[in-house]
Amino acid sequence: MNATLKVLQERGFLKQCSDLEGLSDLMDRERVTFYVGVDPTGKSIHIGHMVPFFAMHHMQNMGHNPIALLGVGTALIGDPSGKSEMRQMLSLEQIQENSRSLKAQIGRVIDFEADGTGQKGRAVMLNNHDWLGPLNYIDFLRDIGSHFSVNRMLTFESYKQRLERGLSFIEFNYQLLQSFDFLTLYREQGCRLQIGGDDQWGNIVAGIELVRRIEGGECFGLTFNLITRSDGHKMGKSEKGAVFLDPEMFSPYDFYQYWRNVNDDDVVKFMKLFTFLPLEEIEGYNSPRVNVNEAKERLAFEQTKIIHGEEEAEKARDAAKAMFGGVGSGEALESLPAVEIEKSLFDEGINVVELFAMTDLCKTNSDARRLITQGGAMVQDQKISDVKQTIDSSWIEEGELILRAGKKRYFRIIITQ
RNA sequence: GGGGAGGUUCCCGAGUGGUCAAAGGGGGCAGACUGUAAAUCUGUUGGCUCAGCCUUCGAAGGUUCAAAUCCUUCUCUCCCCA
């Protein structure tokens, strides 16, 4: 098998390939241009969306040329694959704004600077609105639509399910548009391969067939395992919602903690998929002699480094160590979420319930009251169980207060004049 | 256009005049157990000046001592027929 494919296989990416042997031969012979699509339906992608990009990273490093295709055009429609509900329609402006932030995020693992003269392949980002936008309906129906059989499409699992719940006509067209993307990239960029999550299998195959019918060209499809957690929870979902890459939406500290707390059974799997550590090194963590917690720390650090940079990763790691190791030192505390409160508020003391409600630890007073009643609230490492407790300036140390909700959530209050 | 079924608290989903802030499950939060894991068990899960009060059951009106439950209009969704 081709060396690049072997890497992907060993790291646990591969699920299906339209023609593994053929693709392997092609990749042995030449630098292959390949693409993956991403829908700019939100301001930030979350970690579950990153799998194909990590795969893409390895492929680029081994000399193949990635195209990250922003589905600005298709996002206006919505892909029915794997979705149980109709998607919300977004405005073009919203989508284009989303696209800008996505490119930066994808840039964390794909090198868009590489020009393809070195070992690395050349990477570009394209936008399918460029060719879907100007499409003429009649021409499209005649040239592309004629190649699709409704009977055939209805046999696809993704559509079958949607028939139960309802499927609008424009959503039904998604497959045609995605196939047209592939055709366009084949013609204009010499793209031979489309990769994606396994939920994209049907659409990818449709694209390959379209290229063969119209251009007689041979293209390939490769899908990756949809990542699941061993506890059955959805990958990329945390207590705080989806694990977004945007630090504004999901702080680097929480990001680190998400990986730090993955299931034992998932650590090695995730290291292979979501870090660039060499496989031999990862295997080292597979041994029962190694403490899983060391492995988790490594996973969390590496992953945070890739997405948020080394500095943030170190800060998150130090903060976590300080918090869970016992006493927190001043420096490490800096990456904890914090709020500034005026000193005067503490002159007469403030009720704990209100204090907690001012932080992100509790949404409302009731929420804070519950936390305290149930014994989960702490101020400066002292358990507070009385909702009437007052916190005054005598609690303040070194100009701050550390609040804690439960075992894992901390919040820093900085006292200002 | 005709006929039918529906819109319930974060989600799914009970509830068909007072005993409903609304069953049950999921999810979340907290506690116990631990390893900052999982599983398990327990508690909790609208808001507030919290033994009391206030706002919720698609929207607006109405009937009633009393409505998520009845009536009217509007609105949205789904299904069947054309």
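All values derive from a computational prediction rather than experimental measurement. No hydrogens, no waters, no symmetry mates; every other heavy atom, side chains included, goes into these values. In the text below, chain A, chain B and the rest are named by the order of the sequence lines, each starting its count at 1.
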statement: Partner of B/U40 under the Watson-Crick or G-U wobble criteria, both distances under 3.5 Å, comes out as B/A32
field: Gap between atoms CZ and C1', on A/R298 and B/G35 respectively (whole Å)
entry: 20 Å
A/G375 vs A/K408, nearer the 5' end of RNA chain B by closest nucleotide: A/G375
field: Nearest-Å distance once atom P is located in both B/A60 and B/A68
entry: 13 Å
query: Hey, does the side chain of A/N351 reach the backbone of A/V387 with a donor-acceptor pair shorter than 3.5 angstrom?
result: yes
task: Rounded to whole angstrom, note down the P distance from B/A32 over to B/G24.
output: 25 Å
- prompt: From A/M27 CE over to A/F220 CZ, what is the distance, rounded to the nearest 0.5 angstrom?
  reply: 10.5 Å
- prompt: Tell me, for nucleotides 52-57 of chain B in 5' to 3' order, what letter each nucleotide earns: B for a base near a protein heavy atom under 4.0 Å, S for only sugar-phosphate near one, - for neither?
  reply: ------
message: Please classify the nucleic acid contact of A/V292 as base, sugar-phosphate, or nothing, using heavy-atom distances under 4.0 Å.
response: base
Value in whole Å for how far the P atom of B/C33 lies from NZ of A/K407: 8 Å
task: Searching all strands shown, indicate the nucleotide that pairs with B/G46 (Watson-Crick or G-U wobble; both distances under 3.5 Å).
output: B/C54
Separation between the C1' atoms of B/U72 and B/C78, rounded to whole Å: 24 Å
task: Figure out the CG/C1' separation between A/N263 and B/A38, and round it to whole Å.
output: 5 Å
task: Rounded to whole angstrom, note down the C1' distance from B/G13 over to B/A22.
output: 13 Å
Can you give each donor-acceptor pair under 3.5 Å made by side-chain atoms of residues 57-64 of chain A, sequence neighbours left out, with the distance rounded to 0.1 Å?
residue	atom	partner	partner atom	Å
A/H57	ND1	A/V109	O	2.7
A/H57	NE2	A/N61	ND2	3.2
A/Q60	OE1	A/D111	N	3.0
A/Q60	NE2	A/D111	O	2.8
A/Q60	NE2	A/G121	O	3.0
A/H64	ND1	A/V32	N	2.9
A/H64	NE2	A/T4	OG1	3.4

task: Kindly write out the residues that satisfy salt bridge (Lys or Arg N to Asp or Glu O under 4.0 Å) with A/K383, not counting sequence neighbours, or none if the list is empty.
output: none
query: Which value, in whole Å, describes the distance between the P atoms of nucleotides B/U55 and B/C71?
result: 25 Å
field: Separation of atom CZ in A/R404 from atom C1' in B/U36, rounded to whole Å
entry: 10 Å
task: Could you say whether A/G406 or A/V262 is positioned toward the 5' end of RNA chain B, judged by the nucleotide with the nearest heavy atom to each?
output: A/G406
- request: Using atom CE of A/M378 as one end and atom C1' of B/G31 as the other, report the distance to the nearest whole Å.
  value: 11 Å
field: Set of side chain to side chain donor-acceptor pair (under 3.5 Å) partners for A/E188, sequence neighbours left out
entry: none
field: Selection: residues 357-374 of chain A, any non-hydrogen atom under 4.0 Å of RNA chain B
entry: A/T364, A/N365, A/S366, A/R369, A/R370, A/L371, A/Q374
- request: Compute whether any side-chain donor of one residue and acceptor of the other, for A/Q200 and A/Q194, lie under 3.5 angstrom apart.
  value: no
- line: If pairing means Watson-Crick or G-U wobble with both distances under 3.5 Å, then the partner of B/U63 is none
- request: Send over the distance from A/D265 CG to B/G35 P, rounded to a whole Å.
  value: 17 Å
query: Got a sec: does the CD of A/E97 have more than 12 other heavy atoms crowding it under 6.0 Å?
result: no
- line: Quick note, side chain to side chain donor-acceptor pair (under 3.5 Å) partners involving residues 274-283 of chain A, not counting sequence neighbours, are A/E281-A/R298, A/E283-A/N286
query: Looking only at atom C1', what distance separates B/U56 and B/G7, rounded to whole Å?
result: 15 Å
statement: Re B/A5: Watson-Crick or G-U wobble partner, both distances kept under 3.5 Å, found to be B/U77
field: Nearest-Å distance once atom P is located in both B/U36 and B/G47
entry: 31 Å
query: In terms of side-chain geometry, is the basic nitrogen of A/E314 or A/K305 positioned less than 4.0 Å from the acidic oxygen of its partner?
result: no
- request: Answer yes when A/D139 and A/R142 have at least one side-chain N-carboxylate O distance shorter than 4.0 Å, and no when they do not.
  value: yes
- prompt: Is it the case that A/T304 and A/E312 place a side-chain donor and acceptor less than 3.5 Å from each other?
  reply: no
- prompt: Starting at CG of A/D254 and ending at P of B/U36, how long is that distance when rounded to a whole Å?
  reply: 18 Å
Nearest-Å distance once atom C1' is located in both B/G18 and B/A66: 6 Å
query: Between A/N351 (CG) and B/C48 (C1'), how many Å, whole number?
result: 13 Å
task: Remember a base hit wins even if backbone is also touched, and classify A/A377 as base, sugar-phosphate or nothing at under 4.0 Å, heavy atoms.
output: nothing
